[in-house]
Amino acid sequence: MAELDPATLHNETEAAANGTGKFGSSPEGTALAYGSLLGMALLPIFFGAMRSVTCARGKNSSDMPETITSRDAARFPIIASCTLFGLYLFFKIFSQEYINLLLSIYFFILGVLALAHTISPAMNRLLPENFPTKQYQLLFTQGSGESKEEIINYEFDTRDVVCLALSGIVGVWYLLKKHWIANNLFGLAFALNGVELLHLNNVSTGCILLGGLFIYDIFWVFGTNVMVTVAKSFEAPIKLVFPQDLLEKGLEANNFAMLGLGDIVIPGIFIALLLRFDISLKKNSHTYFYTSFLAYVFGLALTIFVMHTFKHAQPALLYLVPACIGFPLLVALVKGEVTEMFRYEEQTKDQKEAEEEQEKKEN
(Lines give C-alpha, C1' and ligand atoms only; values in the text may rest on other atoms or scores of the structure.)
Protein backbone atom coordinates (compact mmCIF):
# COMPACT_ATOMS: atom_id res chain seq x y z
CA MET A 1 0.00 0.00 0.00
CA ALA A 2 1.20 3.52 -0.78
CA GLU A 3 1.97 5.86 2.09
CA LEU A 4 -0.37 8.76 3.01
CA ASP A 5 1.43 11.95 4.05
CA PRO A 6 0.02 13.85 7.04
CA ALA A 7 -2.99 16.12 6.65
CA THR A 8 -2.54 19.11 8.91
CA LEU A 9 -4.67 22.14 9.72
CA HIS A 10 -3.73 25.45 11.38
CA ASN A 11 -4.05 26.44 15.02
CA GLU A 12 -4.99 29.95 16.17
CA THR A 13 -1.50 31.35 16.55
CA GLU A 14 1.12 29.13 14.99
CA ALA A 15 -1.30 27.72 12.42
CA ALA A 16 -0.80 24.73 10.17
CA ALA A 17 -2.42 23.33 7.07
CA ASN A 18 -4.33 20.15 6.43
CA GLY A 19 -2.71 18.45 3.48
CA THR A 20 -2.47 15.12 1.84
CA GLY A 21 0.20 13.50 -0.21
CA LYS A 22 0.25 9.98 -1.55
CA PHE A 23 -3.05 8.30 -0.90
CA GLY A 24 -3.15 4.57 -0.48
CA SER A 25 -4.02 3.46 3.08
CA SER A 26 -6.71 0.83 3.35
CA PRO A 27 -10.21 2.31 2.94
CA GLU A 28 -11.14 1.02 6.39
CA GLY A 29 -8.09 2.62 8.01
CA THR A 30 -8.66 5.94 6.25
CA ALA A 31 -12.36 5.98 7.20
CA LEU A 32 -11.51 5.12 10.81
CA ALA A 33 -8.88 7.88 10.99
CA TYR A 34 -11.04 10.66 9.57
CA GLY A 35 -14.11 9.51 11.48
CA SER A 36 -12.10 9.53 14.71
CA LEU A 37 -10.73 13.02 14.00
CA LEU A 38 -14.26 14.28 13.37
CA GLY A 39 -15.49 12.70 16.60
CA MET A 40 -12.58 14.07 18.62
CA ALA A 41 -13.14 17.56 17.18
CA LEU A 42 -16.76 17.56 18.35
CA LEU A 43 -15.96 16.67 21.97
CA PRO A 44 -14.16 19.89 23.02
CA ILE A 45 -16.66 22.03 21.10
CA PHE A 46 -19.69 20.46 22.77
CA PHE A 47 -18.36 20.20 26.32
CA GLY A 48 -16.35 23.41 26.08
CA ALA A 49 -19.48 25.30 25.01
CA MET A 50 -21.44 23.84 27.94
CA ARG A 51 -18.69 24.79 30.39
CA SER A 52 -18.45 28.28 28.88
CA VAL A 53 -21.97 28.98 30.14
CA THR A 54 -20.90 28.34 33.74
CA CYS A 55 -17.71 30.30 33.17
CA ALA A 56 -19.66 33.33 31.88
CA ARG A 57 -21.83 33.32 35.01
CA GLY A 58 -18.85 33.90 37.30
CA LYS A 59 -19.85 36.43 39.93
CA ASN A 60 -16.42 37.95 40.40
CA SER A 61 -14.30 39.65 37.74
CA SER A 62 -11.48 37.22 38.58
CA ASP A 63 -13.73 34.37 37.41
CA MET A 64 -14.52 36.04 34.08
CA PRO A 65 -13.15 34.52 30.88
CA GLU A 66 -10.99 36.39 28.41
CA THR A 67 -13.29 38.26 26.05
CA ILE A 68 -12.43 38.94 22.42
CA THR A 69 -13.65 42.34 21.18
CA SER A 70 -14.10 43.48 17.58
CA ARG A 71 -10.74 45.25 17.71
CA ASP A 72 -9.04 42.06 18.91
CA ALA A 73 -10.80 40.08 16.17
CA ALA A 74 -9.68 42.48 13.43
CA ARG A 75 -6.05 42.34 14.57
CA PHE A 76 -5.93 38.59 15.12
CA PRO A 77 -5.25 37.48 11.50
CA ILE A 78 -2.40 40.00 11.27
CA ILE A 79 -0.85 38.82 14.55
CA ALA A 80 -1.33 35.18 13.52
CA SER A 81 0.33 35.85 10.15
CA CYS A 82 3.33 37.53 11.78
CA THR A 83 3.65 34.65 14.26
CA LEU A 84 3.39 32.05 11.51
CA PHE A 85 5.99 33.73 9.31
CA GLY A 86 8.26 34.28 12.33
CA LEU A 87 8.15 30.56 13.10
CA TYR A 88 8.86 29.81 9.45
CA LEU A 89 12.01 31.97 9.59
CA PHE A 90 13.06 30.40 12.90
CA PHE A 91 12.86 26.92 11.43
CA LYS A 92 14.82 28.07 8.37
CA ILE A 93 17.59 29.81 10.36
CA PHE A 94 17.97 27.79 13.57
CA SER A 95 18.26 24.10 14.30
CA GLN A 96 14.84 22.44 14.27
CA GLU A 97 15.98 20.05 17.01
CA TYR A 98 16.69 22.78 19.59
CA ILE A 99 13.56 24.77 18.75
CA ASN A 100 11.38 21.70 19.22
CA LEU A 101 13.15 20.88 22.50
CA LEU A 102 12.21 24.30 23.88
CA LEU A 103 8.67 23.95 22.52
CA SER A 104 8.33 20.49 24.11
CA ILE A 105 9.21 21.86 27.55
CA TYR A 106 6.89 24.84 27.10
CA PHE A 107 3.93 22.73 25.97
CA PHE A 108 4.66 20.16 28.68
CA ILE A 109 3.96 22.81 31.33
CA LEU A 110 0.93 24.23 29.52
CA GLY A 111 -0.40 20.76 28.76
CA VAL A 112 -0.24 19.58 32.36
CA LEU A 113 -2.10 22.67 33.58
CA ALA A 114 -4.70 22.47 30.78
CA LEU A 115 -5.34 18.75 31.29
CA ALA A 116 -5.61 19.20 35.07
CA HIS A 117 -8.24 21.93 34.56
CA THR A 118 -10.09 19.73 32.07
CA ILE A 119 -10.36 16.64 34.29
CA SER A 120 -10.97 18.57 37.52
CA PRO A 121 -14.83 18.42 37.41
CA ALA A 122 -14.75 14.67 36.71
CA MET A 123 -12.25 14.04 39.50
CA ASN A 124 -14.40 15.99 41.95
CA ARG A 125 -17.24 13.56 41.21
CA LEU A 126 -15.08 10.42 41.28
CA LEU A 127 -13.21 11.11 44.51
CA PRO A 128 -15.14 10.11 47.66
CA GLU A 129 -16.75 12.81 49.78
CA ASN A 130 -14.52 11.91 52.74
CA PHE A 131 -11.38 12.46 50.65
CA PRO A 132 -9.12 14.70 52.77
CA THR A 133 -9.14 18.23 51.37
CA LYS A 134 -6.58 20.83 52.33
CA GLN A 135 -6.33 24.33 50.90
CA TYR A 136 -3.09 25.69 49.46
CA GLN A 137 -2.07 29.05 48.04
CA LEU A 138 0.76 29.90 45.67
CA LEU A 139 1.48 33.61 46.03
CA PHE A 140 4.13 35.72 44.32
CA THR A 141 4.28 39.45 45.01
CA GLN A 142 6.39 42.34 43.84
CA GLY A 143 7.41 45.28 46.02
CA SER A 144 6.51 45.88 49.65
CA GLY A 145 4.14 47.90 51.77
CA GLU A 146 1.51 49.88 49.89
CA SER A 147 3.32 49.33 46.59
CA LYS A 148 3.08 45.53 46.92
CA GLU A 149 1.59 44.01 43.78
CA GLU A 150 0.38 40.45 43.24
CA ILE A 151 2.03 38.66 40.33
CA ILE A 152 0.59 35.18 40.92
CA ASN A 153 -2.18 34.28 43.38
CA TYR A 154 -3.21 30.68 42.76
CA GLU A 155 -5.43 28.86 45.25
CA PHE A 156 -5.84 25.10 45.02
CA ASP A 157 -6.66 22.07 47.15
CA THR A 158 -5.74 18.39 47.48
CA ARG A 159 -8.09 17.38 44.68
CA ASP A 160 -6.29 19.77 42.34
CA VAL A 161 -2.98 18.18 43.36
CA VAL A 162 -4.36 14.76 42.33
CA CYS A 163 -5.38 16.20 38.94
CA LEU A 164 -1.94 17.76 38.48
CA ALA A 165 -0.23 14.48 39.39
CA LEU A 166 -2.28 12.48 36.86
CA SER A 167 -1.73 15.14 34.21
CA GLY A 168 1.98 15.12 35.03
CA ILE A 169 2.16 11.41 34.20
CA VAL A 170 0.65 12.12 30.77
CA GLY A 171 3.08 15.01 30.38
CA VAL A 172 6.12 12.84 31.07
CA TRP A 173 4.78 10.22 28.64
CA TYR A 174 4.44 12.88 25.95
CA LEU A 175 7.83 14.42 26.70
CA LEU A 176 9.67 11.09 26.50
CA LYS A 177 7.75 9.23 23.80
CA LYS A 178 5.79 11.86 21.84
CA HIS A 179 3.10 9.18 21.60
CA TRP A 180 0.03 10.15 19.58
CA ILE A 181 -2.39 9.28 22.40
CA ALA A 182 -0.56 11.59 24.83
CA ASN A 183 -0.52 14.25 22.10
CA ASN A 184 -4.28 13.91 21.70
CA LEU A 185 -4.96 14.14 25.44
CA PHE A 186 -3.08 17.44 25.57
CA GLY A 187 -4.66 18.61 22.31
CA LEU A 188 -8.19 17.90 23.51
CA ALA A 189 -7.43 19.70 26.78
CA PHE A 190 -6.10 22.77 24.95
CA ALA A 191 -9.14 22.83 22.64
CA LEU A 192 -11.68 22.43 25.44
CA ASN A 193 -10.02 25.13 27.54
CA GLY A 194 -9.94 27.44 24.53
CA VAL A 195 -13.66 27.05 23.83
CA GLU A 196 -14.51 27.39 27.52
CA LEU A 197 -12.31 30.37 28.43
CA LEU A 198 -12.15 32.44 25.22
CA HIS A 199 -15.41 34.33 24.70
CA LEU A 200 -16.61 36.53 21.85
CA ASN A 201 -18.47 39.61 23.09
CA ASN A 202 -21.05 39.52 20.28
CA VAL A 203 -21.97 37.88 16.99
CA SER A 204 -20.50 40.72 14.91
CA THR A 205 -17.12 40.13 16.53
CA GLY A 206 -17.44 36.44 15.71
CA CYS A 207 -18.14 37.23 12.06
CA ILE A 208 -15.11 39.56 11.92
CA LEU A 209 -12.84 36.94 13.49
CA LEU A 210 -14.02 34.04 11.33
CA GLY A 211 -14.04 36.20 8.20
CA GLY A 212 -10.49 37.40 8.79
CA LEU A 213 -9.19 33.91 9.45
CA PHE A 214 -11.10 32.66 6.41
CA ILE A 215 -8.89 34.89 4.23
CA TYR A 216 -5.80 34.11 6.33
CA ASP A 217 -6.29 30.37 5.94
CA ILE A 218 -6.78 30.52 2.18
CA PHE A 219 -3.74 32.74 1.63
CA TRP A 220 -1.27 30.75 3.72
CA VAL A 221 -2.43 27.37 2.39
CA PHE A 222 -2.90 28.14 -1.30
CA GLY A 223 -0.61 31.16 -1.68
CA THR A 224 2.59 29.92 -0.02
CA ASN A 225 4.24 26.84 1.45
CA VAL A 226 4.79 28.60 4.80
CA MET A 227 1.93 26.99 6.68
CA VAL A 228 2.67 23.44 5.53
CA THR A 229 6.39 23.89 6.28
CA VAL A 230 5.72 25.10 9.83
CA ALA A 231 3.14 22.36 10.39
CA LYS A 232 5.58 19.61 9.41
CA SER A 233 8.43 21.12 11.46
CA PHE A 234 6.42 22.02 14.57
CA GLU A 235 6.51 19.19 17.13
CA ALA A 236 3.90 20.21 19.68
CA PRO A 237 0.38 19.10 20.67
CA ILE A 238 -1.27 21.78 18.51
CA LYS A 239 -3.14 19.18 16.49
CA LEU A 240 -5.16 16.02 16.92
CA VAL A 241 -3.76 12.99 15.15
CA PHE A 242 -5.02 9.51 14.33
CA PRO A 243 -3.10 6.77 12.51
CA GLN A 244 -4.52 5.48 9.24
CA ASP A 245 -2.56 2.25 9.65
CA LEU A 246 -3.92 1.51 13.14
CA LEU A 247 -5.64 -1.67 11.95
CA GLU A 248 -2.35 -2.99 10.56
CA LYS A 249 0.18 -1.78 13.17
CA GLY A 250 -1.87 -1.19 16.31
CA LEU A 251 -0.80 1.52 18.78
CA GLU A 252 2.64 1.74 17.15
CA ALA A 253 1.13 3.00 13.89
CA ASN A 254 2.81 6.10 12.43
CA ASN A 255 0.92 7.09 9.27
CA PHE A 256 -1.14 9.96 10.63
CA ALA A 257 -4.06 12.07 9.51
CA MET A 258 -4.13 15.33 11.47
CA LEU A 259 -6.50 18.13 12.44
CA GLY A 260 -5.15 21.40 13.86
CA LEU A 261 -6.61 22.85 17.04
CA GLY A 262 -7.35 26.21 15.41
CA ASP A 263 -10.01 24.62 13.23
CA ILE A 264 -11.66 23.38 16.41
CA VAL A 265 -11.25 26.36 18.73
CA ILE A 266 -12.01 29.21 16.31
CA PRO A 267 -15.40 27.86 15.15
CA GLY A 268 -15.90 26.43 18.65
CA ILE A 269 -15.89 29.81 20.42
CA PHE A 270 -18.48 31.06 17.91
CA ILE A 271 -20.67 28.00 18.50
CA ALA A 272 -20.31 28.52 22.28
CA LEU A 273 -21.42 32.15 21.86
CA LEU A 274 -24.56 30.97 20.07
CA LEU A 275 -25.29 28.59 22.95
CA ARG A 276 -25.12 31.50 25.41
CA PHE A 277 -27.34 33.50 23.04
CA ASP A 278 -29.85 30.62 23.04
CA ILE A 279 -29.92 30.70 26.84
CA SER A 280 -30.38 34.49 26.88
CA LEU A 281 -33.57 34.08 24.79
CA LYS A 282 -35.08 32.04 27.67
CA LYS A 283 -37.05 29.80 25.31
CA ASN A 284 -35.79 26.51 26.74
CA SER A 285 -34.28 25.55 23.40
CA HIS A 286 -30.77 25.47 21.96
CA THR A 287 -31.74 25.99 18.33
CA TYR A 288 -28.78 28.11 17.27
CA PHE A 289 -26.28 25.98 19.15
CA TYR A 290 -27.40 22.73 17.54
CA THR A 291 -27.70 24.40 14.13
CA SER A 292 -24.11 25.69 14.27
CA PHE A 293 -22.91 22.40 15.75
CA LEU A 294 -24.39 20.43 12.85
CA ALA A 295 -23.02 23.07 10.46
CA TYR A 296 -19.54 22.39 11.83
CA VAL A 297 -19.99 18.66 11.24
CA PHE A 298 -21.08 19.38 7.66
CA GLY A 299 -18.18 21.81 7.04
CA LEU A 300 -15.48 19.50 8.41
CA ALA A 301 -16.89 16.47 6.59
CA LEU A 302 -16.87 18.51 3.37
CA THR A 303 -13.24 19.50 4.00
CA ILE A 304 -12.23 15.86 4.38
CA PHE A 305 -14.19 14.86 1.28
CA VAL A 306 -12.62 17.57 -0.93
CA MET A 307 -9.15 16.90 0.48
CA HIS A 308 -9.45 13.17 -0.15
CA THR A 309 -10.93 13.67 -3.62
CA PHE A 310 -8.38 16.18 -4.92
CA LYS A 311 -5.45 14.90 -2.84
CA HIS A 312 -4.37 18.43 -1.99
CA ALA A 313 -4.09 20.53 1.16
CA GLN A 314 -7.37 22.26 2.01
CA PRO A 315 -7.86 25.26 4.33
CA ALA A 316 -10.60 23.93 6.60
CA LEU A 317 -11.97 27.39 7.39
CA LEU A 318 -12.79 27.76 3.71
CA TYR A 319 -15.65 25.34 4.40
CA LEU A 320 -16.22 25.81 8.14
CA VAL A 321 -16.70 29.59 8.16
CA PRO A 322 -19.55 29.78 5.60
CA ALA A 323 -21.25 26.81 7.25
CA CYS A 324 -20.94 27.97 10.87
CA ILE A 325 -22.04 31.54 10.08
CA GLY A 326 -24.47 30.89 7.23
CA PHE A 327 -26.64 28.15 8.78
CA PRO A 328 -27.44 30.00 12.06
CA LEU A 329 -28.09 33.25 10.14
CA LEU A 330 -30.50 31.43 7.87
CA VAL A 331 -32.35 30.04 10.91
CA ALA A 332 -32.44 33.51 12.49
CA LEU A 333 -33.82 34.94 9.25
CA VAL A 334 -36.57 32.32 9.11
CA LYS A 335 -37.46 32.90 12.79
CA GLY A 336 -37.22 36.69 12.52
CA GLU A 337 -34.52 36.94 15.19
CA VAL A 338 -31.64 38.45 13.23
CA THR A 339 -31.90 41.75 15.14
CA GLU A 340 -31.88 39.98 18.51
CA MET A 341 -28.88 37.91 17.46
CA PHE A 342 -26.77 40.92 16.53
CA ARG A 343 -27.91 42.94 19.57
CA TYR A 344 -26.78 40.24 22.00
CA GLU A 345 -23.72 41.46 23.89
CA GLU A 346 -21.61 40.00 26.69
CA GLN A 347 -19.66 41.96 29.26
CA THR A 348 -15.89 42.02 29.00
CA LYS A 349 -13.72 41.51 32.05
CA ASP A 350 -12.95 45.25 32.18
CA GLN A 351 -16.64 46.10 32.07
CA LYS A 352 -17.31 43.63 34.88
CA GLU A 353 -14.55 45.15 37.01
CA ALA A 354 -15.86 48.67 36.36
CA GLU A 355 -19.36 47.56 37.36
CA GLU A 356 -18.07 45.99 40.59
CA GLU A 357 -16.11 49.14 41.38
CA GLN A 358 -19.22 51.26 40.82
CA GLU A 359 -21.26 49.03 43.13
CA LYS A 360 -18.61 49.37 45.85
CA LYS A 361 -18.73 53.16 45.58
CA GLU A 362 -22.53 53.19 45.78
CA ASN A 363 -22.49 50.98 48.86
Side-chain angles (χ1 to χ4, degrees), residues 3-22 37 76-115 167-191 193-194 213 216-217 219-245 249 251-266 312-316:
E3 182 182 357
L4 176 64
D5 290 339
T8 314
L9 300 157
H10 78 81
N11 86 322
E12 61 221 285
T13 51
E14 290 78 18
N18 73 339
T20 58
K22 298 167 287 182
L37 286 178
F76 193 86
I78 300 172
I79 296 171
S81 295
C82 293
T83 304
L84 176 66
F85 192 66
L87 282 170
Y88 175 78
L89 294 178
F90 261 88
F91 281 116
K92 288 292 183 181
I93 297 171
F94 300 104
S95 170
Q96 182 176 323
E97 179 183 353
Y98 294 116
I99 295 174
N100 281 317
L101 177 61
L102 292 175
L103 289 173
S104 294
I105 297 171
Y106 176 69
F107 279 98
F108 164 77
I109 297 170
L110 289 184
V112 169
L113 294 175
L115 187 58
S167 302
I169 294 172
V170 176
V172 172
W173 182 23
Y174 171 78
L175 203 59
L176 297 178
K177 300 294 184 180
K178 294 292 192 299
H179 198 277
W180 61 273
I181 294 179
N183 174 91
N184 285 350
L185 290 174
F186 274 175
L188 288 169
F190 285 139
N193 278 273
L213 290 175
Y216 160 91
D217 215 16
F219 173 76
W220 289 110
V221 172
F222 288 145
T224 72
N225 70 335
V226 171
M227 186 176 282
V228 174
T229 300
V230 172
K232 290 181 177 179
S233 305
F234 203 89
E235 293 182 6
I238 60 167
K239 50 190 176 284
L240 300 181
V241 302
F242 200 91
Q244 298 179 88
D245 52 348
K249 297 184 180 179
L251 295 179
E252 298 304 316
N254 56 11
N255 183 18
F256 295 109
M258 307 183 189
L259 176 66
L261 299 189
D263 295 304
I264 300 172
V265 175
I266 298 301
H312 190 278
Q314 297 295 317

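- Residues satisfying the salt bridge (charged side-chain N to carboxylate O under 4.0 Å, His left out) criterion with K249, sequence neighbours excluded, are D245.
- Counting all heavy atoms, side chain and backbone alike, F108 lies closest to V172 at CE1-N, 3.6 Å.
- Here the closest heavy-atom approach between residue A114 and residue N193 is recorded as O-ND2, 3.1 Å.
- Side chains of N254 and W180 form no contact here, defined as non-hydrogen atoms less than 4.5 Å apart.
- Rounding to the nearest 0.5 Å places CD1 of I99 at 11.5 Å from OG of S104.
- Residue I105 comes nearest to L175 through the heavy atom pair N-CD1, 4.3 Å, listed as atom of the first residue, atom of the second, then distance.
- Of all the heavy atoms in N184 and K239, the pair that sits closest is OD1-O, 4.3 Å.
- Residues W173 and A182 approach most closely at CE3-CB, 3.8 Å, considering heavy atoms.
- Looking at N255 and P243, their side chains never come closer than 4.5 Å, going by heavy atoms from C-beta outward.
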Show me the side-chain donor-acceptor pairs of residues 85-95 shorter than 3.5 Å, one per line, residues at least two apart or across chains.
unit_1, atom_1, unit_2, atom_2, d
S95, OG, E97, N, 3.4

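- Taking OH from Y106 and CG from N100, the interatomic distance works out to 14.5 Å, rounded to the nearest 0.5 Å.
- By the 6.0 Å contact criterion, NZ on K177 is open, its count of non-hydrogen atoms from other residues, nucleotides or ligands being 12 or less.
- Here the closest non-hydrogen pair linking V265 and A191 is CG2-CA, 3.7 Å.
- Partner of L188 under the side-chain contact (heavy atoms from CB on, under 4.5 Å) criterion, out of L240, L115, N183: L240 alone.
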All N/O donor-acceptor pairs, side-chain side in residues 221-229, below 3.5 Å, sequence neighbours left out:
unit_1, atom_1, unit_2, atom_2, d
T224, OG1, W220, O, 3.4
T224, OG1, V226, N, 3.2
T229, OG1, N225, O, 2.7

Requested in this report: Please test Y174 against F186 for ring-ring contact (aromatic ring centres under 6.0 Å, His included), starting from the C-alpha separation and ending with a verdict.
Outcome: CA-CA 9 Å; Y174 171 78; F186 274 175; 5.8 Å; yes

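- Side-chain contact between F242 and L259 is absent, with no heavy atoms from C-beta onward closer than 4.5 Å.
- Rounding to the nearest 0.5 Å gives a distance of 10.5 Å between CD1 of I266 and CG of L261.
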Report task. Please step through side chain to side chain contact (heavy atoms under 4.5 Å, CB included) for the pair F76 and Y216, ending with a clear verdict. Result -> CA-CA 10 Å; F76 193 86; Y216 160 91; over 6 Å; no

